[in-house]
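Before any comments, here is the structure.
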2 protein chains.
Amino acid sequence: MDDTAMLRRFNRTYTQRIGVLEESFLGTGRPLGVSRLLFEIGPDGAGVRELRDRLGLDSGYLTRLLRRLDRDGLVRVAEDPADRRRRLATLTATGRRAWRELDQRSEELAERLVAPLTARQRARLTDALATADLLVRAATIELREVPPTDPTAVAAAGRYFAELDRRFPGGFDPGRPDHAGTFLLATSDGRPVAYGGVRELDDDLLGVAEIKRMWVDEAWRGAGLGARMLRELEALARRLGHDRVVLDTNGTLTEAIAMYARAGYRPIARYNDNPYAEAWFEKDLS
Amino acid sequence: MDDTAMLRRFNRTYTQRIGVLEESFLGTGRPLGVSRLLFEIGPDGAGVRELRDRLGLDSGYLTRLLRRLDRDGLVRVAEDPADRRRRLATLTATGRRAWRELDQRSEELAERLVAPLTARQRARLTDALATADLLVRAATIELREVPPTDPTAVAAAGRYFAELDRRFPGGFDPGRPDHAGTFLLATSDGRPVAYGGVRELDDDLLGVAEIKRMWVDEAWRGAGLGARMLRELEALARRLGHDRVVLDTNGTLTEAIAMYARAGYRPIARYNDNPYAEAWFEKDLS
DNA sequence: AGATATCTCTGACTAAGGTCAGAGAATGGA
DNA sequence: TCCATTCTCTGACCTTAGTCAGAGATATCT
């Protein structure tokens, strides 16, 4: 059975048999959408804007759902002191009780589902689901162009600089902020997992772009994400009208150097005066 | 992470990211429910009763959905010649075209989903999903009491007899139909995967029941299904007021004998005149 | 300071997705 | 042959889930 056939087969099995886990929220006297919202707010509360994104709801619709929860005494909605356009939803004591009930229902259903399995089978299932979970997350990472001032992009760049500082023998000083270039950000669940940019070389090397600040979250390394980011950056450079890319790197970043080699990059002579650079590479995009 | 936690985590990941596979039916100008029904009818057609079970719909609602498909010229509903209360739905030429379109959309979505993965990752995902699929199916097998005349039960008994005939050196003759006893049938997707019965011994052995016709589909062996069936039959015998069970078997059924031993059965002397029996076992239910 | 964008809320509107009770035809079992 | 059951269909009714346009308050950019 090929990849998509297996995925589709599993999808059928899944929606028929585990799909009910979702509907465990039914039968609580509240419609599914309302229960889902209640559960999503959670014991710690959540911003209305954030809920809108997480559940993919229309803002007017969400307002009404929240008002229903408020009327039932489960949720309080208050102004966000940090930004008075925004509002924050938190559970009341009754709301927390209802939340726990939902959580418990869901837990019970999950237990009932694995109950007929032997201990060994359960372990195998857990293992298979962990693998599938990781790969599905990897497959659905979102890659998008961002301005380098985007808060999530800034966070990603910060983690990149911090790692350089940790790994370079003499540390690393990013100098003053440099926002030149076009940047790609990969996120999973809203958190940055990879980052990188392309910028035009300002000197006489026309048609040549430089790849800069390539970074992949430690937890995601070895999952092909770096190679994917590199491919996307090359495609971006091509769209921007370049037909060659260059990059520099430091000798301590061995896994990065290996990846550049695998991706078809060739070593070249120093083309800049970056004091941290120890190796320079290029690749033709034609 | 324990079993239920992993299951619930996966459930979240899955519904958020692959749930869209389901909604691939949207955007075809028809509401989701109608498209799902169209897809379920399939190129070979389907009985209305069967559709009702598979999709879990109210009969009135289903009638209306079918009428809509009929009005759109996608489906014809006709009387079932075998039972004129029932009706059969089949796709028209236009309906088959619409079905292929849905199938293709679903295929495309699946492809787009695995596209960002490397070949190795895809193989791992397919593997993990195959394992999860098998185990989820195993976990959701339905076990229920059936009269021995139930068509599915008859089919299961037939496969049991056929196997005995294949494996016994001198073949096997079931003799005239014997419907004494209470039977359990395990089904997956409506097809029999395990079968077995309990009957009171008619002679002087009061309080003793016999387990008979224990059978597990070849494809499902080694999945703990036999042991589960045995446990359920013992529980059934207990409910029927017995406190000891006995059974007979043939020496060629080695894996069955091993399973009885694992389940705590002890060999005893011949207690019947079954010409095929070569070994006899018992177990106390107290 | 002014323009622009973001966020929430309101009102008006709609389709989708059901549920329920009962009728009528056909079938199966005693 | 009669009775209970099964299956489909109809009519009446309802909630859920959602869309859209625009107003008003606040924040951000230049």
Side-chain angles (χ1 to χ4, degrees), chain A residues 19 22-23 25-38 40-41 45-72 75-90 147-151 154 179, chain B residues 15 19 22-23 25-38 40-41 45-72 75-90 147-151 179:
Chain A
E22 188 65 5
E23 276 119 54
F25 288 169
L26 288 173
T28 50
R30 264 179 291 279
L32 183 58
V34 178
S35 288
R36 221 179 328 224
L37 174 58
L38 176 67
E40 200 66 33
I41 293 171
V48 169
R49 179 63 237 239
E50 189 192 347
L51 290 169
R52 201 137 73 71
D53 284 342
R54 291 218 298 251
L55 294 166
L57 298 173
D58 173 85
S59 79
Y61 186 35
L62 178 54
T63 299
R64 260 174 284 262
L65 289 177
L66 281 171
R67 205 174 25 242
R68 164 153 185 183
L69 285 171
D70 183 276
R71 207 185 51 228
D72 293 353
V75 161
R76 286 286 107 82
V77 182
E79 209 168 56
D80 180 348
D83 179 342
R84 282 159 50 233
R85 288 170 305 183
R86 300 181 180 230
R87 313 202 66 196
L88 299 174
T90 48
T149 53
D150 173 292
V154 169
H179 289 154
Chain B
T15 45
E22 190 65 4
E23 277 121 53
F25 289 168
L26 289 173
T28 51
R30 263 179 292 280
L32 182 58
V34 178
S35 289
R36 219 181 330 227
L37 173 58
L38 176 68
E40 201 66 32
I41 292 171
V48 170
R49 178 66 237 239
E50 190 193 345
L51 289 170
R52 200 138 72 71
D53 283 344
R54 288 219 300 252
L55 294 166
L57 298 174
D58 172 85
S59 79
Y61 186 34
L62 178 54
T63 299
R64 261 175 283 260
L65 289 179
L66 281 171
R67 210 182 12 251
R68 164 152 187 185
L69 285 173
D70 184 275
R71 207 186 50 228
D72 293 353
V75 162
R76 283 286 106 83
V77 183
E79 212 168 52
D80 182 346
D83 179 342
R84 285 162 44 236
R85 289 170 305 183
R86 298 181 181 231
R87 314 202 67 196
L88 299 174
T90 48
T149 52
D150 174 291
H179 288 154

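Any value given below was found using the heavy atoms of this structure, including those in side chains, with hydrogens, waters and symmetry copies removed. Residue numbering restarts at 1 for every chain, and letters A, B, ... go by the order of the sequence lines.
- The nearest whole Å value for the distance from the CG atom in Leu66(A) to the C1' atom in dC7(C) is 13 Å.
- By the side-chain hydrogen bond (donor to acceptor under 3.5 Å, both in side chains) test, Arg85(B) is found to be paired with Asp83(B), residues two or more places apart in sequence or in another chain being considered.
- If you measure from atom CD of Glu79(A) to atom P of dT26(D), you get 7 Å, rounded to the nearest angstrom.
- Looking at residues 47-65 of chain B, you'll see Asp58(B), Tyr61(B), Arg64(B) sit with a heavy atom under 4.0 Å from some atom of DNA chain C.
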Report all interatomic pairs (protein N or O, nucleotide N or O of nucleotides 27-30 of chain C) with separations under 3.5 Å.
residue: dT27(C); atom: OP1; partner: Arg84(B); partner atom: N; Å: 3.1

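- Backbone-only contact: Arg68(A) has heavy atoms under 4.0 Å from sugar-phosphate atoms and none from a base.
- Applying the side-chain contact (heavy atoms from CB on, under 4.5 Å) criterion to Asp80(A), with sequence neighbours excluded, gives Ala82(A), Arg86(A), Leu88(A).
- Considering all non-hydrogen atoms of both residues, Ile41(A) and Leu66(A) come closest at CD1-CD2, 4.0 Å.
- Every residue two or more places apart in sequence or in another chain was checked for a side-chain hydrogen bond (donor to acceptor under 3.5 Å, both in side chains) with Arg68(A), and none qualifies.
- Taking the side chain as every heavy atom from C-beta outward, Leu57(B) and Leu51(B) never approach each other to under 4.5 Å.
- Contacts classified as side-chain hydrogen bond (donor to acceptor under 3.5 Å, both in side chains) and involving residues 54-64 of chain B (residues at least two apart or in different chains) are given here: Glu40(B)-Arg54(B), Glu50(B)-Arg54(B).
- For the side chain to side chain contact (heavy atoms under 4.5 Å, CB included) with Leu37(B), the lone residue among Val75(B), Leu32(B), Leu62(B) that qualifies is Leu62(B).
- Arg86(B) has its CZ atom 11 Å from the P atom of dT6(D), to the nearest Å.
- Val77(A) and Asp70(A) make their closest contact through N-OD2, 4.3 Å (heavy atoms, listed as atom of the first residue, atom of the second, distance).
- With dC7(C), dG17(C), dT10(D) as the choices, the nucleotide that has an atom nearest any side-chain atom of Leu32(B) turns out to be dG17(C).
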